[in-house]
Each structure stands twice: as C-alpha cells, then as structure tokens.
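Okay, structure first, notes after.
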Amino acid sequence: MTMPIRCRMLAVLALLSLHTVAASAQTRDVAGGRDYPGIGRFAGSVITGYVVKEFDAARMQAAPFKDGQPTDARRLEGRIVRIAYRTNPGPSILEVSRNFETQLAKAGFETLLACDTDACGAIPFTESIDTLPVPQMWVDGFSYRYFAGRKTEGGRETFASVLVSQNNQDIYAQVTVAELGAIANKMVDAAAMAKGLGETGHIALYGIYFDTDKAVLKPESRPTLEQIAKLLTSQPQLSVFIVGHTDSQGAYEYNLDLSKRRAEAVAAELVKSFRIVPTRLRTAGVGLLAPVGSNATDAGRALNRRVELVAP
C-alpha cells in the first residue's frame, strides 16, 4: 500500500526532528575531528562533521550567481578538508561568519567572495556548494552567509570557504579548505610488491582505504587488493604478515586495536574475495609505533596511516 502524502510528510518531519535533537545533544567534537591549523573555530562550537581526503575535488564559488547561474565556479582538486561546526543559540550568522573571515585574513587569505543570501544567489547558490550531510551540517537556503578566499604560499595555492547558516536557533558553519596539488601515484602493483619484499622485507601500501576510526574496507581499495592477490597467486609458497599502522592522533591502546582490526579486514577480504588460503596471511597492528613521517604535520600523518606487507 502506498503511504499517503500527508503521512510521508509527517515521517520526514519526525526524522528531521530526531536529527535536530541528536545534534543539539552533542557536547563534544566528533571522533578524530580537529580544527584546521591557523583557522580555528568560533568560541563555544563543537565539531559535528569532519572529513579529510588526501585527494578529492571541491566546488567553490568565487562570484555571486547571475540569473540563477554561476559566474565563477571553481572545481578544485587536491587535499580537501571539510569541517562542520555547531554553535549554541546566541550569536548571529553574521557574527560567526565575520570571525572566520577575520581569522582567514590573518592567515593570509585574500577575499574572492563575501556575500549574504540574496546577494549570493539564494537557494540555487547553496545547491552548487559541497556540504556535509544533515545532521552534520544544516543549510537554510533563505538565510546564510558565504565566504571564499585564496592564498599562495611557497608556490602552492590554497582555497578556503566558509558557509554559515542556522537551524532551530543553532548556528552551523562549514569550513572547506582545498590545498591544490596533483594526485600522488599510490598504486603499487604485484611486481613492485615482490621487489619490496625481496629487497627490504616489506612494502608500504597507500591504496587501501578506511574511513576515520573505522576498520571497514572502502570500495576504492579493490585495485590494491587485486594486486596483493596477484602476487600471492603467482608465488604459491609465499606467506606474508599484513601489518596495520596509524598516526598518533587518539589514544595509544585505541590505535593499536584499530591498526590490528584494519590488518584483519584486509586478510579477511583476500580470503573471501580472492580465495587466498588463510594460513598464508598473518596479521598484526602496531598503531603509531613505526612512523615514516612526522606526526606533527598533516603530510607526515598521512604517510603514517598505511598497511604494510612484511616478509616472514
């Protein structure tokens, strides 16, 4: 039986209400969330959403819409950081946005665009911007402020945008930072794996992906898993250790467990999808104990988050 329109509307409203209650109850940052260096947050805010991609694309607007259409849309590729914040009732959208804008100016960003709802382009404008999903980020297309800026430092371009809106008197803000750069070649084929194991006894793999604080393999890990399986199939006598590594963010014991679970997830997938004999795969997790980069920088932490194959 098809649900009546009125019932469907009530169901949607109830779901949104639950999302609002859950968001309002949040009193601390989401796991793994942290401010972008040099930008920070508005006083009293908590991080409701945090996503970092070492290579991705972000949509930013560098000029207001005209007749409902973009006039200077930018598709930016590189390291993309998206952070959403919620601030309790009290400050205005403008106050929160102005604080971010001032901080970005201090950090060296020149203004490309700073506008409010109607001047930006109203609802069509917000639909052209990448935002984290509800309840991490709320956007009211009838009331918001947007800022986009750019800076060049050491020959490297970085763009930043801030979208500030409101839901049930709470102020929501999303900071998006795009550090432009070419994609790194992280594909290691079976031949390279065999070479690394033969010459140094181990090979670091950066083509295996997990969400923050999760040990569930993401679909984009498939090509690297295929190459591991190819290596093991071509050398039937070869057995390997699969070793998980993390950066230093988070508690020591937690990272040890997380790295172990990630290694186990890789082994389980090789057995399930590629029919690798389980006894050829042993797993271990060393957490932050074997860094290959500085945990004081984002670039170093990215190097430390990896899975390695180790020869027995």
Side-chain angles (χ1 to χ4, degrees), residues 52-56 77-79 179 181-250 252-312:
V52 178
K53 299 290 186 182
E54 294 306 319
F55 189 84
D56 200 0
E77 293 189 354
R79 183 174 184 270
E179 303 167 0
I183 188 170
N185 182 9
K186 294 184 176 181
M187 274 301 300
V188 178
D189 63 17
M193 293 177 193
K195 185 173 185 289
L197 290 173
E199 293 181 353
T200 64
H202 68 102
I203 182 76
L205 306 177
Y206 291 97
I208 294 177
Y209 302 97
F210 302 90
D211 283 327
T212 302
D213 291 327
K214 300 290 179 60
V216 178
L217 283 163
K218 301 185 73 173
E220 49 264 46
S221 304
R222 180 83 182 186
T224 297
L225 292 170
E226 289 175 345
Q227 292 301 311
I228 299 174
K230 182 178 178 180
L231 167 69
L232 294 170
T233 301
S234 66
Q235 299 187 35
Q237 304 306 313
L238 177 64
S239 296
V240 295
F241 285 99
I242 300 173
V243 184
H245 297 258
T246 69
D247 59 27
S248 64
Q249 302 296 305
Y252 170 74
E253 294 292 346
Y254 177 83
N255 280 325
L256 279 180
D257 178 66
L258 178 63
S259 62
K260 171 70 170 172
R261 288 188 287 117
R262 286 179 169 178
E264 290 171 345
V266 173
E269 186 62 22
L270 289 169
V271 171
K272 175 185 175 182
S273 297
F274 301 95
R275 301 183 182 278
I276 303 300
V277 178
T279 55
R280 300 177 64 191
L281 309 170
R282 297 176 65 184
T283 59
V286 298
L288 52 83
L289 295 179
V292 291
S294 170
N295 276 306
T297 68
D298 286 338
R301 287 191 290 270
L303 288 174
N304 293 335
R305 297 188 296 270
R306 67 197 188 280
V307 170
E308 291 200 1
L309 296 185
V310 178

Checking [X] side chain against [Y] main chain: does a donor-acceptor pair fall under 3.5 Å?
X: Y206; Y: L303; value: yes
X: R280; Y: V240; value: no
X: N304; Y: P291; value: no
X: R306; Y: G244; value: no
X: S239; Y: L281; value: no
X: N295; Y: G300; value: no
X: S259; Y: H245; value: no
X: R262; Y: T246; value: no
X: Q227; Y: A190; value: yes

State the [atom1]-[atom2] distance between [X] and [Y], to the nearest 0.5 angstrom.
X: L288; Y: L258; atom1: CG; atom2: CG; value: 11.0 Å
X: T212; Y: Q249; atom1: OG1; atom2: CD; value: 10.5 Å
X: E54; Y: E179; atom1: CD; atom2: CD; value: 8.5 Å

Over all atoms of both residues, closest heavy-atom pair of [X] and [Y]:
X: S221; Y: Y209; value: OG-N, 2.8 Å
X: L231; Y: L197; value: CD2-CD1, 3.9 Å
X: K218; Y: D211; value: NZ-OD1, 3.0 Å
X: A215; Y: A265; value: O-CB, 3.3 Å
X: V188; Y: M193; value: O-CE, 3.1 Å
X: T283; Y: A267; value: CG2-CB, 3.6 Å

So if I apply the side-chain contact (heavy atoms from CB on, under 4.5 Å) rule between F274 and each of L232, I228, T233, L225, which one comes out positive? L225
Do E226 and K230 sit within salt-bridge range, that is, some charged N less than 4.0 Å from a carboxylate O? no
